[in-house]
Every structure is written in C-alpha cells, then in structure tokens.
**Student:** 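Mind having a look at this structure? Questions to follow.
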Amino acid sequence: MSAVVESQTSKQVKRAGLTALAFLLMVVMCVPGLWVVLSAFRPNGEILAKPPVWVPENPTFDNFRKIFGLGTDQVAIPVGSYFMNSLIIALTSTLIALAIGMAGGYAFARYRFRGKGGIFLGLMLFRAVPGIALSLPVFIIWSKLGIIDTKLGLIIVYVSLNVPFTIWLIDGFFRQIPLSLSEAAQVDGCTRWQAFWKIEFPLARSGIAAAGVFAFLTSWNEFALASQLTRSTTSKTLPVGLLDFTAQFTIDWAGMCAMAVIIIVPALILTFLVQKHLIAGLTFGGVKG
Amino acid sequence: MRKITALMVGTALVAVAGMASADETWGDYAGYTLRVKLIGGAQYEKLYAEIPKWEAATGAKVEIVSRKNHFELDKEIKQDVAAGTIDYCVASNHTSFAPQYGDIYIDLNGVMKPEVLAEFDALALKNATVNGSLVQLPRHSDISNLFYKKSLYEDQANKDAFKAKYGYDLAPPETFDQFKDQAIFFAKAPDFFGTQFVGKDEAITGRFYEMLVANGGALFDENWNPTFNSPAGLKALMWFKELYDAKAVPAGSLNYLWDDTGMGFASGTVAMDLDWAGWAAFFNDPANSKIAGDVGLVRAPKGDGGKRSGWSGSHSFSITTTCDNQPAAVSFVTFLTDHDNQMIEARQGLLPTRTQVWKDITAEFEAAGNPFMVEVFNTYSQSMAEDAFTPPLIEPWIEVSNVIWPNLQKGILGEMEPQAALDDAAAKAKVIMEDAGYIK
Amino acid sequence: MPFWRRESATPFLLLTPAMLTMAFVVVFPLVFSMYTSFTGFRLTKPASLYDWVGFRNYARILSDPEFWIPFGRTVLFLTVVLNVEFLLGLGIALLINRITWGQRTLRTIMMFPMMFSPILVGFMFKFLFNDNIGIVNNALQSLGLSDGAIPWLVDGKLAFFSIAIAEVWMSTSVFAILLLAGLFAMPRDPLEAAKVDGCNAWQTFRHITLPFLMPFAYIAMAIRSLDVARAYDIVTVMTDGGPAGRTEILWTLIGRVGYDNSRMGMANAMAYVSTILSILFTWYFYRKLVAARRYMGGAQ
C-alpha cells in the first residue's frame with residue numbers, strides 16, 4: 001500500500017521536476033530576447049554598464065519617447081507610418097497568399113491531373129531562390145513598372161514568397177478531410193463550391209490559420225527584399241526602419257531596442273491568439289499524403 | 001522681466017532671420033516639390049531641422065525621398081543608376097564615393113554663384129572635383145586627430161616607468177612609433193587598452209592608406225600600378241599587427257567601426273583614440289562619457305616619411321542631371337551649406353567647409369568659455385590646412401578597398417605573412433585597375 | 001464546351017494564380033539575372049548590360065578559391081545549423097510533450113524567438129557578443145569563468161560559432177513546434193503495444209516515435225532550407241563576412257560583389273550557383289519526405 005503511494009509521490013515529484021526543468025529551459029532560451037526587451041526600458045548608460053545591470057534599476061520610457069519625437073535632441077523616426085506600412089503589407093499579402101494557397105492546395109488535394117508532382121515540386125523549388133539573387137532583377141523590373149517604393153510592390157513579392165508553403169500546408173490539410181463528406185453534401189443538392197465553403201473550409205480552418213501565421217511572420221519580419229524595394233515613409237517597413245538607428249558613426253542601441261519591442265509585440269499577440277490552431281493545423285498539414 | 005527677455009530673444013531671432021534673407025535671396029519656387037535623398041543619422045539630422053526655413057522662404061516643399069546611412073544610400077543610388085530611376089534633384093554624397101557615380105551629377109561650376117563658391121575652403125572644393133567637374137558641394141569634412149586621456153600622461157609613476165623602459169619622456173605621441181610604444185605601455189588587457197582601431201571595410205583601408213602616405217609610400221605609381229606592398233606599406237601593416245599581437249587593442253577591434261572606437265574611448269578604458277572631431281563634444285560631456293574633463297588632443301602622428309597622417313573627405317550634396325528644377329536645387333544646397341547652417345553643424349564638432357565659419361565658431365566657443373572646443377577647432381583647422389589628402393578620386397576606389405582590407409585582416413591575424421598579404425592584395429588591385437581601363 | 005469549362009481544366013484554373021505570381025516574381029527575374037550573368041554588367045554603367053562576355057563570369061568564379069571557400073563554408077554552415085536545430089528542437093518537443101501543467105504557456109514561450117526579425121536577431125547577437133561591452137563577456141567575467149575579453153566575432157572559429165548560435169536561436173522554435181505537432185498526432189496504440197511487449201523507453205523512442213516523427217522533421221528541414229538564406233540578414237549585420245573573410249558565406253559575398261563593387265554580372269553568376277545549391281538542399285529533403293511518407297503509409 002505504502003509502496004504504491006510512494007511511487008505515486010515519486011512520480012509527482014518527477015513530473016514537477018520535469019515541469020520546472022522545462023520552464024527553466026524555456027526561460028534560458030528567451031534570455032537573449034528578454035535582454036533586448038529589458039534594454040528598451042533603460043538608459044543607454046545602463047545598457048553599456050560594466051558589470052552588467054540585469055534588471056533595469058531606473059526603468060524609463062525615454063527610449064520610446066525619443067523615437068516618437070517627444071525627446072529633446074533626437075529627430076523623430078516615423079515609427080507610426082512604418083508600423084502602418086508593415087501592418088497593411090503583412091496583412092494584405094497574407095490574405096492574398098491564403099486565397100491563392102487555398103485554391104492551389106485544393107487543386108492538389110482533390111484533383112488528379114497531368115504534371116501534378118512536377119508542378120508541386122517546381123513551386124517549392126522556386127521558393128528556394130535566395131532573396132539576394134532576386135533583389136536586383138526584381139528591382140529593375142519593378143522600377144520599369146513604377147511600383148518601387150509602393151506597398152503594392154512589396155505585397156506582390158511577399159505573396160509569392162508565401163504561396164508555396166501555404167499551398168503545401170493547406171494541401172495536406174484538405175487531404176485529411178474525407179472526400180465522402182463533400183460528396184454527401186453534393187448529393188444533398190449543394191454545388192461543389194457550396195460544399196467547399198460549408199464542409200471543407202470549416203474543417204480546414206486550423207490548417208489555414210497555421211499557414212496564415214507563418215505567412216504573416218515571414219512578411220512582418222522580412223528585411224533583405226524590403227530594404228531594396230522600399231525607400232520612403234510611404235512603404236518602408238519596421239525591420240527596414242531599424243537601420244534608422246545606425247548612422248555611419250554611431251548605433252543607438254537603446255532606441256533600437258525600443259523599436260524591437262514595437263516590432264515584436266504585434267507578432268506575439270497574433271501568435272498567442274491563434275496558438276491553439278497553430279499546433280492543430282501543423283499536426284495534419286503537409287505530412288500525410 | 002521674463003516677458004522682456006522673451007521679447008528681446010524674439011526680436012533677435014527676427015533680426016537674424018532678416019539678415020540671412022538680406023544677403024541671400026533663396027528665390028521663389030512656390031508650389032514646387034523638391035525631391036531629395038539625404039544621409040541619415042543623429043549627427044546629420046540637426047541640419048535637416050532647418051529645412052522648413054528654406055521652404056518658408058521659397059514657397060517650395062522638400063520631400064525627403066529616403067534617409068539612410070551612406071552605405072545604404074550608396075547601394076540605393078547604384079540601383080537607381082542601373083534602373084534609370086533618378087527621379088530626384090538633390091542627393092547626399094561623399095568624396096570617397098563620388099567618383100563611382102559617373103555623370104549622374106551636374107558640374108556645380110557655372111551654376112553656382114562664383115562669389116558663393118569663393119567662400120568655401122579651396123582645398124575642400126578641389127577634393128570635391130572629379131575629372132574637372134565639381135560634382136558636389138562640401139557640407140562638412142572629416143579628418144582624424146589623436147584624443148588621449150590626460151591624467152595618464154600627468155601621472156609621475158607612469159612618467160618614470162615609461163622613461164626607464166623606452167628611454168624618452170612620456171608625452172603625447174609625435175610619431176606612429178611612439179604611438180605604438182605608448183599604446184603597448186598603457187595596455188592592461190582586458191580591462192584597459194592602449195588604443196583601438198577600426199578593423200574592417202573602407203575604414204581600415206583608409207587608416208592603412210594614410211599611414212602608408214605618412215611613411216612616404218603611395219597606393220599607386222603614376223601609371224596606376226599598385227605600390228602599396230612597398231616597405232612603407234609593410235611598416236603600416238606591422239603597426240596594426242604589433243598592437244594586435246601585444247593585446248594593446250581590444251581583441252574585437254577587427255570587427256570595429258567608428259561607433260565602437262568612439263564608445264570605447266568614452267567608456268574610459270582606452271588611453272588614446274585617433275578619431276574625427278564629431279566625437280569631441282561627446283567625449284567631454286559628463287552625461288555620456290566617463291573621461292569628461294580628462295581629454296587631451298594632439299595632431300595625428302607622423303610616419304617615417306616625416307608626414308602626418310591626414311586621410312580626409314567631405315560629406316557633400318550633389319544635384320542630379322535629371323533634375324527638373326535646377327535653380328531650386330541650387331538654392332537648396334546653397335542654403336544647407338550657408339554660414340548659419342554650417343555654424344549649427346560646427347557646434348556639434350563637425351568641421352565646416354567655409355573659411356569664415358572656422359573663425360566664427362572658434363570665437364563663439366571662446367566667448368562661451370569652452371577652451372576644450374576651441375582647442376579642438378584649432379587643432380583640426382591646422383590638420384585640415386596642412387595634412388589633409390583624399391583617397392585617389394577614381395571610380396574603382398571602393399572596389400580596390402574591398403581587396404585591401406580583407407588582406408590587411410589576414411596579415412594582422414597571422415593567417416598570411418604580412419608581405420604576402422600585401423602582395424596578394426596588390427595583384428588583385430592590379431586586375432581591378434586593368435578591368436577599369438586605368439592600366440592599358 | 002470550351003476548354004476552361006471542362007472538369008479536367010479546373011485544377012489548372014485553380015493553380016493559375018499561384019503559377020502567375022511565381023512566374024512574375026521569381027521566374028521572370030531569374031531569366032533576367034541569368035542573362036546578366038553572361039554580361040559584364042556593372043551597376044553604375046547601364047550601357048554595360050549589353051556587354052556580352054559569354055561564360056567568362058562563370059569561368060572566373062569556378063576557378064577562384066575566393067568563391068569556393070565561402071561555398072564550402074555555406075554548405076558546412078547549413079549542415080551544422082540544420083542538424084543542431086533538429087536535435088535541440090526534438091529535445092524541446094519531447095520535453096514539452098510530457099508536461100501537463102502550464103503546457104500552453106510553455107508553447108507560447110517556446111515560440112518567442114520566432115517573433116524576431118532576422119535583422120533584429122543579427123543586431124541583438126552582435127551586441128551580446130561584443131568583446132568589450134557585450135553582455136556575454138560581462139557575464140562570464142562577473143561569474144569568474146573568464147578573465148579575458150573573448151573576441152567572439154573576431155576569432156575565426158568563435159565567429160563561425162557565434163553566427164551559428166544566432167541562427168540556431170532564431171530557428172530552433174520552428175523545428176520544435178513542427179515536431180511537437182507530430183508528437184500530438186502520434187497514435188497511442190503502438191506506444192501501448194510496445195509497453196506491453198516490454199520495450200524500454202529508448203527502444204520505444206528509437207523504433208516507434210522517431211520513425212513517426214521523421215516526416216515532420218523533413219518538413220521542418222525543407223521549410224528551413226527554403227528559408228535559410230534569411231541567415232544573410234544575420235551574418236551581414238554581425239560580421240559581414242569578416243574578419244579576413246572567416247565568416248564569408250555565399251550571400252554576403254554576392255551582396256559585396258554586386259552592390260559594393262557594382263559587378264552585378266559577376267554577382268548574378270554567383271547567385272545562380274547559390275540558387276542551385278539551395279534548390280539541391282530543398283530537393284534532397286523533399287525526396288526524404290516523400291520516402292518517409294511512403295514508409296509511414298506502408299506501416300499503417
């Protein structure tokens with residue numbers, strides 16, 4: 001009897017130990033990122049202090065005030081417009097990529113056609129072309145079309161960056177849904193189009209949400225192409241705006257950390273909101289087939 | 001009483017504004033939007049806060065199409081050249097970069113009033129000229145001199161120990177050999193370093209180049225054959241290497257750029273810092289610097305050739321050939337470099353390109369009881385007048401620099417024998433000069 | 001009935017938008033850059049776009065150790081970071097899978113690094129690894145583990161290590177989350193059966209869990225190799241290929257040759273070689289994935 005209790009307690013202890021270990025590990029993993037976040041709330045002197053000051057001794061919002069132009073000596077950085085540009089570009093391109101990805105994923109999951117495997121692989125491989133290899137040709141073509149330094153120009157690029165992976169995930173997800181469901185609906189008088197929206201789309205929602213998060217994070221954080229294709233406040237995004245803190249001779253670490261927080265927070269909120277779908281969506285998407 | 005003071009200040013401001021518009025009319029460009037690309041960053045931005053004054057005087061609007069650091073701006077302008085999208089009138093430029101851009105900028109001789117140009121420093125204008133064409137109007141100049149921590153040199157124990165070891169009196173260095181001795185003498189890695197150097201990109205090429213010249217060498221001979229692998233070049237490279245091997249510089253130096261050297265010196269852990277004047281006010285400001293009040297300054301040391309190092313360049317403004325309203329652009333760049341605006345930049349320690357501003361800024365600091373900044377401007381004015389020289393103003397300069405600096409690093413780190421590293425870089429530079437058509 | 005009304009045309013109609021965007025943003029520019037790789041195109045001289053040089057650019061880079069060394073380093077870098085990310089991600093996923101209390105919070109914390117833009121990760125680690133004022137050296141010194149300023153970003157091996165750390169930090173989460181999803185999807189029966197058969201924990205893991213997870217691992221690998229050129233942002237900020245070219249990878253080399261030196265023709269020739277490399281990596285993992293799927297299909 002007591003042996004059973006003992007083994008139960010020892011199991012509990014073990015489990016608690018494991019949980020503690022997991023939390024400890026995750027916190028350690030986050031330390032570099034947390035350092036940046038903490039540094040956003042301290043004066044420059046404390047960031048450069050030797051020995052290091054871990055927890056801000058004099059927490060301050062000065063760094064944020066400065067980049068919004070409320071400080072004394074620094075010219076404002078147009079964070080507001082960068083933020084709006086980033087948001088518009090990332091959201092629009094994510095939505096378009098999802099629409100295109102759903103059409104494509106549905107085609108791959110539900111139809112047999114010639115060259116299927118080749119087209120699928122081709123889409124993936126074109127995504128593997130490194131951004132630096134594309135940057136100049138895209139720039140020259142975009143400038144001929146007059147869409148340099150516009151949100152549209154960047155949206156087009158991001159859509160194509162995200163389409164292949166989106167198709168991949170959504171394809172896998174549609175395959176999980178038994179064909180019989182949609183067929184039954186069609187027997188009941190639905191068109192294929194209606195059957196898709198009533199039956200298959202709701203079931204695939206988690207997978208679509210997962211694809212959406214990945215697409216959003218890619219567009220939100222992309223730098224190499226955005227730094228080439230944007231110039232002014234009409235299209236510059238937040239990651240490109242980070243460079244505003246590096247002049248030829250100085251880097252403003254405190255300001256950069258504050259900006260980093262502004263970049264991270266929306267991504268964090270979004271991920272937290274759809275986190276449940278993310279795991280569920282990835283579970284089936286893409287693997288089976 | 002307060003009201004009266006406010007009133008007086010107000011009147012004074014009006015008077016100043018009145019004066020400015022009296023001796024220079026900026027023209028009338030009502031309804032026109034001038035598109036410009038400017039270098040960004042804290043030291044450069046103060047000037048841009050003055051732009052609304054020009055807008056008010058002319059009725060034009062200024063649209064800053066992009067504002068980036070110069071390396072990013074350089075990329076962007078090259079893309080514009082390639083794609084034919086130069087749809088702006090004014091761009092920031094720099095003497096080291098200007099020769100790359102071919103003929104996208106107009107010759108300012110002839111479009112700017114000669115009497116205005118005459119107020120600029122003649123050497124600065126000469127260095128701004130590429131193939132006989134004044135492609136840029138210098139805004140402020142840079143050149144390096146040697147900042148040092150004064151208390152180290154006043155300490156009797158240091159003096160005695162140094163004299164015993166090196167056989168001459170401890171005083172701020174006059175030559176690069178002394179500079180090296182003292183840097184090694186003061187260093188106690190990892191807590192304290194003798195000096196530091198910028199270790200990559202055009203920054204270390206520039207340092208190497210100015211020491212090469214100071215040692216009596218040259219980058220190229222008269223037929224554009226690379227000659228920097230000469231004994232003078234080897235000596236310059238060995239200067240870096242010996243300091244690095246002796247741990248007299250921070251181990252990370254090879255990854256340092258200008259911000260790192262300035263921050264390092266301000267942190268109080270470095271004895272000497274060869275740096276530009278833009279840091280001077282920062283170094284002596286107790287809010288930012290641990291060595292405020294303890295900063296000394298001497299002219300850059302001499303090399304074996306008896307010459308001081310004096311690598312110099314100017315930030316500048318250029319006007320594009322595709323500009324649709326040249327008079328407005330000329331008016332704008334003239335405004336940005338006029339007397340009052342150069343005074344604004346000079347107050348931060350940036351070196352003016354107008355001769356009158358040198359006098360006025362020194363007088364102003366004297367009147368304000370700031371002997372340190374007076375000394376700064378006196379020292380830098382001497383070096384601008386006597387020591388300044390630019391890199392060769394040729395189109396492949398940046399490309400040549402990109403084969404020199406990785407090999408300097410290899411030599412310093414001991415990955416290649418120093419002489420072999422220089423020979424290899426010279427061979428590569430020769431290919432570049434051949435490809436560019438300089439060597440027939 | 002016109003072609004586009006036929007049932008057999010539907011999948012092509014559905015795929016048209018995807019193929020159009022890819023053609024417009026990737027294929028079309030690639031053709032253009034393919035052309036320029038056969039010219040002596042210099043950015044600052046637009047006329048040189050018509051200066052046909054045949055295979056000269058390719059001949060030059062293929063015979064140049066200054067190209068092959070970064071090439072080899074890039075392959076090494078990819079191999080090292082992808083494997084380390086996989087192992088760490090696997091460990092984290094297995095651990096979190098066993099936690100019941102606070103798992104949701106843990107999963108959110110786990111995804112924290114995914115929020116960071118690569119350029120931001122670069123600046124962050126450049127700052128952390130700074131030899132004089134960086135927090136890593138400061139911490140080591142105040143803990144008494146090191147008395148010198150370790151030149152993280154300068155020493156040849158350490159610099160490579162530092163950029164690899166930054167890359168691993170940024171991307172391990174992607175592996176962890178995909179593998180965790182795999183663990184969640186795992187059927188219970190085979191595990192129970194193994195227990196009954198008396199398999200120990202290691203045997204169960206080796207013969208049941210791992211084979212089941214491999215497709216997820218290959219997906220993660222394929223996704224990461226699609227995306228791995230993002231490391232360009234990190235490296236360019238942290239070391240820009242230096243010092244003495246010790247951390248030069250293909251992408252920083254291409255950036256320098258193309259933009260700083262204006263030799264776009266040459267840079268595009270290099271870009272083509274690096275494109276082929278990326279495609280090979282992706283293709284390799286894709287084949288593995290297809291094979292692993294078949295294996296799973298056969299086992300079930």
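As the structure is a computational prediction, the values presented were derived from the model and not from experiment. Letters go in sequence order (proteins before strands), and every chain restarts at 1.
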**Student:** Kindly say whether A/Ile263 contributes a backbone atom to a donor-acceptor pair with the side chain of A/Trp220 at under 3.5 angstrom?
**Tutor:**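 Yes.
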**Student:** Heavy-atom distances under 4.5 Å only: say whether A/Phe139 touches chain C with side chain, backbone, both or neither.
**Tutor:**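 The answer is neither part of A/Phe139.
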**Student:** Given a strict heavy-atom distance threshold of 4.5 Å, which part of C/Pro17 is in contact with chain A: side chain, backbone, both, or neither?
**Tutor:**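 When you check distances to chain A, atoms from both the backbone and side chain of C/Pro17 fall under 4.5 Å.
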**Student:** Rounded to the nearest 0.5 Å, how far does CG of C/Leu95 lie from CE of A/Met26?
**Tutor:**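 It comes to 7.0 Å.
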**Student:** May I ask you to name which of C/Leu30, C/Asn137, C/Leu277 has the most heavy-atom pairs under 4.5 Å with chain A?
**Tutor:**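 Heavy-atom pair counts peak at C/Leu30.
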**Student:** Identify which of C/Thr21, C/Val174, C/Thr275, C/Leu43 forms the greatest number of heavy-atom pairs closer than 4.5 Å to chain A.
**Tutor:**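 Going by pairs under 4.5 Å, I would pick C/Thr275.
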**Student:** Give the member of A/Ile156, A/Ile167, A/Val240, A/Val159 that has the highest number of heavy-atom pairs under 4.5 Å with chain C.
**Tutor:**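 Of A/Ile156, A/Ile167, A/Val240, A/Val159, A/Ile156 has the most heavy-atom pairs under 4.5 Å with chain C.
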**Student:** Check whether more than 12 heavy atoms from other residues, nucleotides or ligands sit under 6.0 Å from atom CZ of A/Arg15, and answer yes or no.
**Tutor:**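 No, not enclosed.
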**Student:** Picking from C/Leu183, C/Ile92, C/Ile119, which has the most non-hydrogen pairs under 4.5 angstrom with chain A?
**Tutor:**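 Heavy-atom pairs under 4.5 Å are most numerous for C/Ile119.
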**Student:** Would you mind checking which part of A/Phe120 comes under 4.5 Å of any heavy atom in chain C, side chain (CB onward), backbone (N, CA, C, O), both or neither?
**Tutor:**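 Looking at A/Phe120, just its side chain touches chain C.
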**Student:** Identify which part of C/Thr236 has an atom lying under 4.5 Å from any heavy atom of chain A, answering side chain, backbone, both or neither.
**Tutor:**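 The answer is neither part of C/Thr236.
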**Student:** Given the ring of A/Phe272, does C/Arg104 sit roughly above its face, with NZ or CZ under 6.0 Å from the centre of the six-membered ring and within 45° of the axis?
**Tutor:**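 Here C/Arg104 passes the 6.0 Å and 45° test against A/Phe272.
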**Student:** Among A/Leu136, A/Thr218, A/Val138, which has the most heavy-atom pairs under 4.5 Å with chain C?
**Tutor:**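 Of the candidates given, the most pairs with chain C belong to A/Leu136.
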**Student:** Under a 4.5 Å cutoff for heavy-atom pairs, which residue among C/Arg107, C/Arg98, C/Met111, C/Met110 has the most contacts with chain A?
**Tutor:**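 Among the listed options, the one with the most contacts to chain A is C/Arg107.
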**Student:** For chain C, which of A/Ala260, A/Ala99, A/Gly115, A/Ala16 has the most heavy-atom pairs under 4.5 Å?
**Tutor:**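 Max contact count across the listed options: A/Ala260.
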**Student:** Please flag which part of C/Thr16 lies under 4.5 Å from any non-hydrogen atom of chain A: side chain, backbone, both or neither.
**Tutor:**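 Answer is neither: C/Thr16 stays 4.5 Å or more from chain A.
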**Student:** If you count heavy-atom pairs within less than 4.5 Å of chain C, which of A/Tyr106, A/Phe108, A/Phe23, A/Trp142 leads?
**Tutor:**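 When all of A/Tyr106, A/Phe108, A/Phe23, A/Trp142 are compared, A/Phe23 has the most.
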**Student:** Heavy-atom cut-off 4.5 Å, strictly under: side chain, backbone, both or neither for A/Val157 against chain C?
**Tutor:**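 Contact with chain C is through both the backbone and side chain of A/Val157.
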**Student:** So does C/Tyr218 get a backbone contact from the side chain of C/Tyr286, meaning a donor-acceptor N/O pair under 3.5 Å?
**Tutor:**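 A pair under 3.5 Å: no.
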**Student:** Test your reading of the model: is there a side-chain donor-acceptor pair from C/Thr74 to the backbone of C/Leu250, 3.5 Å cut-off?
**Tutor:**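 Side chain of C/Thr74 to backbone of C/Leu250, a donor-acceptor pair under 3.5 Å: yes, one is there.
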**Student:** Check the orientation of C/Phe28 and C/Phe24. Use parallel for under 30°, tilted for 30 to 60°, and perpendicular for over 60°.
**Tutor:**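 Parallel, since the angle between the ring planes stays under 30°.
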**Student:** What part of A/Leu238 gets closer than 4.5 Å to chain C, counting heavy atoms only: side chain, backbone, both or neither?
**Tutor:**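 Neither part.
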**Student:** Where on A/Leu268 is there a heavy atom nearer than 4.5 Å to chain C: the side chain, the backbone, both, or neither?
**Tutor:**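 Its backbone and side chain both get close to chain C.
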**Student:** Based on non-hydrogen pairs under 4.5 Å, which of A/Lys116, A/Met102, A/Met29 is most in contact with chain C?
**Tutor:**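 Option with the top pair count is A/Met29.
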**Student:** Tell me, for A/Ser135 versus chain C, whether the close heavy atoms (under 4.5 Å) come from the side chain, the backbone, both or neither.
**Tutor:**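 Contact with chain C is through both the backbone and side chain of A/Ser135.
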**Student:** Would you mind telling me which of C/Thr105, C/Leu128, C/Asp233, C/Ile109 has the largest number of heavy-atom pairs within less than 4.5 Å of chain A?
**Tutor:**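 Most heavy-atom pairs under 4.5 Å with chain A: C/Asp233.
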**Student:** Under the 3.5 angstrom rule, does the side chain of C/Ser117 hit a backbone N or O of A/Asn221 as a donor-acceptor pair?
**Tutor:**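 Side chain of C/Ser117 to backbone of A/Asn221, a donor-acceptor pair under 3.5 Å: yes, one is there.
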**Student:** I'd like to know if the side chain of A/Ser93 pairs up with that of A/Asn162 as donor and acceptor (distance under 3.5 Å, no hydrogens or angles considered).
**Tutor:**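 No, no side-chain donor-acceptor contact under 3.5 Å.
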**Student:** Given heavy-atom pairs under 4.5 angstrom as the criterion, report whether the side chain, backbone, both or neither of A/Leu145 touches chain C.
**Tutor:**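 Only the side chain of A/Leu145 comes within 4.5 Å of chain C.
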**Student:** For C/Trp169, is it the side chain, the backbone, both, or neither that has a heavy atom closer than 4.5 Å to a heavy atom of chain A?
**Tutor:**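 When you check distances to chain A, only side chain atoms of C/Trp169 fall under 4.5 Å.
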**Student:** Heavy-atom pairs under 4.5 Å with chain C - which of A/Ile140, A/Thr271, A/Ile96, A/Leu121 has more of them than the others?
**Tutor:**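 Max contact count across the listed options: A/Leu121.
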**Student:** Looking at C/Phe116, C/Phe281, C/Phe125, C/Trp101, which has the largest count of heavy-atom pairs under 4.5 Å with chain A?
**Tutor:**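 The residue among C/Phe116, C/Phe281, C/Phe125, C/Trp101 with the greatest pair count is C/Phe116.
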**Student:** Roughly how far apart are C/Tyr259 OH and C/Met264 CE, rounded to 0.5 Å?
**Tutor:**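 Result: 4.0 Å between the selected atoms.
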**Student:** Any side-chain heavy atom of A/Phe223 within less than 4.5 Å of one from A/Leu243?
**Tutor:**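 A/Phe223 vs A/Leu243: side chains touch.
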**Student:** Taking the six-membered ring for Trp, are A/Phe174 and A/Phe196 closer than 6.0 Å centroid to centroid?
**Tutor:**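 So the answer is yes for these two rings.
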**Student:** Non-hydrogen atoms of chain A under 4.5 Å away: do they reach the side chain of C/Phe285, the backbone, both or neither?
**Tutor:**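 For C/Phe285, no heavy atom lies under 4.5 Å from chain A.
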**Student:** Can you tell me how far apart OG (C/Ser33) and CG (A/Leu134) are? Round to the nearest 0.5 Å.
**Tutor:**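 Answer rounded to 0.5 Å: 7.5 Å.
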**Student:** For A/Ile141, is it the side chain, the backbone, both or neither that has a heavy atom under 4.5 Å from a heavy atom of chain C?
**Tutor:**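 For A/Ile141, the side chain is the part near chain C, not the backbone.
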**Student:** Do the side chain of A/Ser227 and the main chain of A/Ala224 share a donor and acceptor less than 3.5 angstrom apart?
**Tutor:**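 At least one qualifying donor-acceptor pair exists.
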**Student:** Heavy-atom distances under 4.5 Å only: say whether C/Met270 touches chain A with side chain, backbone, both or neither.
**Tutor:**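 The answer is neither part of C/Met270.
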**Student:** Can you tell me how far the CD1 atom of C/Ile234 sits from the CZ atom of C/Phe123, to the nearest 0.5 Å?
**Tutor:**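 It is 12.0 Å, given to the nearest 0.5 Å.
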